[in-house]
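Just so it is clear, the structure is predicted and the values come from calculations on it, not from any experiment. Atoms within a ligand are numbered from 1 in the order they appear, just like the ligands themselves.
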Amino acid sequence: MSRPKVLLIYTGGTIGMVADARSGALQAVNLDHLEEQVPELLHMGIALETVAFGTPIDSSDMHPEHWVRIASIIGERYADFDGFVVLHGSDTMAYTASALSFLLENLAKPVILTGSQLPLGTIRTDGKENLLTAIEIAAAKENGKPMVAEVAVYFEYSLYRGNRTVKVHAERFEAFRSPNWPVLAEAGTHIRYDRSALLPARNGPLKVHAHMDNGVGVISLFPGIRAGAVRAQLADPGLKAAVLQTFGSGNGPTDADFLKALHQARERGIVLVNVTQCVGGRVEQGRYQTSRALAEMGVVSGQDLTTEAAITKLMFLLGQGMAAEDVMQRMGTPLCGELSLP
Ligand code: ASP
């Protein structure tokens, strides 16, 4: 039987760093000699190929164009590989994972993002385990079919649905969580998959989308927020949609000026999507008086979407050139496991 083939796509981030033997300064690892850092790669029984961004970037410099680039690399090499591992800085990994889940329509193979909190070339690195297990998951099959047929994030012994992840810690190795969706797999002595949590494989050919529209904003509410500041944000001429990060189950101030600013934006055709500031749980517009006006003016309930998924889904839908009404309708409909309806 031939060895499974995995394509490693290196975009940058801490995982790709090693300390110079003499100066101790961090520098990018030479991917062609990755096995010098991780000799275990030679004994996995997996055929690995690597492709790297010309200049590796810190994930804070990620841009929608990079997401499109990663998606197109996967699209071009899709038939040749059993799975894909994207090495990526952890800071914006949840955004990239969410974006890829929308850009890769009908995905039927694993796309696993991973990274690390400590560089690969340091003694206590978490990068080695993350890398090796991500590759193993990307190659895993059952009855000849991929175990995972979706975009996922692997970090510190857990596999998460990509478009449900949030980065929750700046230092701990356990940096990610998916508060509104169960862990897809846990790696201990065995990798245990939760089949009921995994997305079923899609039928139909992979469709790789190539457009994201970043005419999107985020308005994070806080007690005392000034209506004028909200109005100024919504007056941005390039704005087509905004994510409202609200309190609790989707609530906000009932202040007339604040509501008027939102209402005027709605009248100009700006799509508004309500997501909660809470780490977990869902928006239920109308449950409290303080969210009724939002529902009445046509703010879309983001249900249990993360902010990361809401932003990237808006960019994706707007990138398809959709009219506001269609964007609103699709924002409340699951496309690839990013939200669940009550
Ligand atoms: N700042 C880094 C990045 O996101 C941190 C990391 O690699 O995890 O690119």
Could you tabulate the donor-acceptor pairs under 3.5 Å formed by side-chain atoms of residues 51-62, not counting sequence neighbours?
| from | atom 1 | to | atom 2 | distance (Å) |
| --- | --- | --- | --- | --- |
| Asp58 | OD1 | Ser60 | N | 2.9 |
| Asp58 | OD1 | Ser60 | OG | 3.1 |
| Ser59 | OG | Asp91 | N | 3.4 |
| Ser59 | OG | Thr92 | N | 3.0 |
| Ser59 | OG | Thr92 | OG1 | 3.3 |

Tyr78 six-ring centre to Lys109 NZ/CZ under 6.0 Å and within 45° of normal: yes
Would you check if Arg282 and Pro342 make a side-chain contact, meaning some heavy-atom pair closer than 4.5 Å? yes
Atom-level proximity to ligand 1, residues with heavy atom under 4.0 Å: Gly13, Thr14, Asp58, Ser59, Gly89, Ser90, Asp91, Ser116
Can you establish whether the number of heavy atoms outside Glu35 located under 6.0 Å from its atom CD is more than 12? yes
I need the full list of ring-ring contact (aromatic ring centres under 6.0 Å, His included) pairs touching residues 116-175, with sequence neighbours left out, sorted by first then second residue. Phe155-Phe176
Residue list, side chain to side chain contact (heavy atoms under 4.5 Å, CB included) with Ala149, at least two apart or on another chain: Ala201
